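All of these numbers come straight from a predicted model, not from anything done at the bench.
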Amino acid sequence: MLCDHVYVNTHEPSDTRTETLSAGVTKRATTLADGRDLIYYDDPDTTLDAERSVDARILDPRPESATMRLDVLTGDWITVAANRQNRVMMPSADADPLAPQTPTNPSEVPSLYDVAVFENKSPAFGPALAEATGGAPAASNPPRGLDDLAALGLGRTRTSVGRCEVVCFSPEHSGSFGTQSVTRARTVIEAWADRTAALSQLPGIEQVFPFENRGEAIGVTLPHPHGQIYAYPYVTPRTTRLLDSIDRTAPDLFQHILDFEQGSERVVFQGEHWTAFVPFAARWPLEVHLMPHRHVPDFAETTEAERDELAPLYLRLLRGVDALYETPTPYIAAWHQAPVNVGRDSVRLHLQLTSPRRAADKLKFLAGSEAAMWAWAAEVTPEQGAARIREAVERAHA
């Protein structure tokens, strides 16, 4: 929740650390008034000045880190984060917490920006880490490695260490990743790569997950074009099952999948470095994967050429998805990356784009069988889905 204290814009240069990244992107790192990290990523053709305003708000202390509880029936760790109950819900444009600050809007970002990344004020993970680092305190009861997390037992708890960050794609009040320019998309991709590398180095982090939730049907609470990055203290349940499948098949399972899909009618489009396809066993009415042609564990290890091609291809995919219907399509854009300490030679970076929209005015809800038993039934064949998305992508591209 935004603080009610008075905001004063000093227009003084902040203590900003500047670095030049690939593609001509400039990184400017500073902090917010309560010590949270704030990082600006300037487009290569930015019109912004180098100076950034100081965050002059008077903020309450940051909340205590949440607690994780072990579900002994599944082995999953459940974060209990009561501070997230106070999140802002669909504010008006003049109260947008992700817009640049104004005298009447004490938002989270002090200056006008191209792309901005900052620590979430109401995180599910952190701010405590396994060890004190920078401005982050040491957790009182952190996870003690993957073996500790895998042990089953009643009543087990650990501090929910980690980091949750907000990635603002634009200072505009509305839109999504798909409404950005190719240049801006490339800047965001550079930010994903930079943050993946930095978060992977934090003590106690086991996996880094960039994602975008789009649309009220998904549960989005802010219309501002933005995504998030979660740095988890464990390997997520989804990735744990993936690692098990790799162990039971082949270490190069992702290459087998890519070869299999590229020879099918489920390909949506293919570039020099990336292929988009509807997977053979797609669960959702709309589901598309986007995968690099070589093995790469995460954004930090992609080449400049791969990032350059991804920017227009990803926009092409998202705009095609929006062309399916007369109104924008709700979706979850999940960028799966290899864990930090295991599976790096076998788990390949890839996008899983899913939407519950099964018709213009209908959504797929996860009811008894799927929600309770994890037993899925798909209403749209992957081949039909791929044909519809191909047509929409071509229509939008034209």
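- Side-chain atoms of Asn105 and Ser107 form no donor-acceptor pair, as typed in the model, at a separation below 3.5 Å.
- Thr196 and Gln337 share a side-chain donor-acceptor pair at under 3.5 Å.
- Side-chain atoms of Asp55 come within 3.5 Å of backbone atoms of Ala33 as a donor-acceptor pair (strictly under, hydrogens ignored).
- Within 6.0 Å of CD in Glu131 there are 12 or fewer heavy atoms belonging to other residues, nucleotides or ligands.
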- Task: Kindly determine whether Glu190 and Arg186 satisfy salt bridge (charged side-chain N to carboxylate O under 4.0 Å, His left out), including the steps that lead there.
- Result: CA-CA 6 Å; Glu190 194 66 23; Arg186 180 65 179 82; 2.7 Å; yes
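- Atom CZ of residue Arg163 and atom CG of residue Leu129 lie 6.5 Å apart, to the nearest 0.5 angstrom.
- Note on ring orientation: taking the six-membered ring where Trp is involved, the planes of Trp284 and Trp376 are perpendicular (angle over 60°, cut-offs 30° and 60°).
- Checked against a 6.0 Å centroid threshold, the rings of Phe177 and Trp335 do not count as neighbours.
- Heavy-atom neighbours of Arg319 CZ from other residues, nucleotides or ligands within 6.0 Å: above the threshold of 12.
- For the side-chain contact (heavy atoms from CB on, under 4.5 Å) test, residues two or more places apart in sequence or in another chain that qualify with Thr67 are Thr157.
- Qualifying side-chain hydrogen bond (donor to acceptor under 3.5 Å, both in side chains) partners for Asp194, counting only residues two or more places apart in sequence or in other chains: Lys27, Tyr41.
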- Stepwise side-chain hydrogen bond (donor to acceptor under 3.5 Å, both in side chains) check, Asp43 with Thr183: CA-CA 7 Å; Asp43 293 336; Thr183 298; over 6 Å; no
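- For Asp252, the side-chain hydrogen bond (donor to acceptor under 3.5 Å, both in side chains) partners at least two apart in sequence or on another chain are His256.
- With values rounded to the nearest 0.5 angstrom, Asp96 atom CG is found 10.5 Å from Glu108 atom CD.
- Aromatic ring orientation, His173 versus His224: perpendicular (interplanar angle above 60°, classes split at 30° and 60°).
- At a cut-off of 3.5 Å, with distance as the only test, no side-chain donor of Ser111 or Arg28 sits close to an acceptor on the other residue.
- Distance check, rounded to the nearest 0.5 Å: CG of Leu32 to CG of Leu38 gives 5.0 Å.
- In this structure the side chain of Leu286 never reaches within 4.5 angstrom of the side chain of Thr354, judged on heavy atoms.
- A distance-only check finds no donor-acceptor pair linking the side chain of Arg348 to the backbone of Met291 [under 3.5 Å].
- Counting heavy-atom neighbours within 6.0 Å of Glu379 CD, excluding the residue itself, gives a total above 12.
- Between Tyr230 and Tyr232, the two ring planes are perpendicular [angle over 60°; tilted spans 30° to 60°].
- At distances below 3.5 Å, at least one donor-acceptor pair connects side-chain atoms of Tyr113 with backbone N or O atoms of Ser170.
- For CG of Asp345, the number of neighbouring non-hydrogen atoms (other residues, nucleotides, ligands) closer than 6.0 Å is 12 at most.
- Here the side chain of Arg357 pairs no donor or acceptor atom with the backbone of Pro285 at under 3.5 angstrom.
- Ring planes of His350 and His289: tilted class, angle from 30 to 60°.
- Neither side chain, Thr275 nor Glu261, offers a donor N or O lying under 3.5 Å from an acceptor on the other.
- By the 6.0 Å contact criterion, CD on Glu216 is open, its count of non-hydrogen atoms from other residues, nucleotides or ligands being 12 or less.
- A donor-acceptor pair shorter than 3.5 Å cannot be found between the side chains of Gln255 and His295.
- At distances below 3.5 Å, not a single donor-acceptor pair connects side-chain atoms of Arg316 with backbone N or O atoms of Val393.
- Of the candidates Asp114, Asp45, Asp42, Asp114 is the only one forming a salt bridge (Lys or Arg N to Asp or Glu O under 4.0 Å) with Arg184.
- Ring orientation note: the planes of Phe260 and Phe280 are nearly perpendicular, at an angle over 60° on the 30°/60° scale.
- In this structure, Trp77 has its ring center no closer than 6.0 Å to that of Tyr234.
- Enclosure of atom CG in Asp244 by more than 12 non-hydrogen atoms of other residues, nucleotides or ligands within 6.0 angstrom is indicated.
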- Message: Checking Glu306 against Arg294 for the salt bridge (charged side-chain N to carboxylate O under 4.0 Å, His left out) test, could you report, in this order, the C-alpha distance in whole Å, the side-chain angles of both residues, the deciding distance, and whether it holds?
- Response: CA-CA 10 Å; Glu306 288 165 338; Arg294 71 180 184 97; 2.6 Å; yes
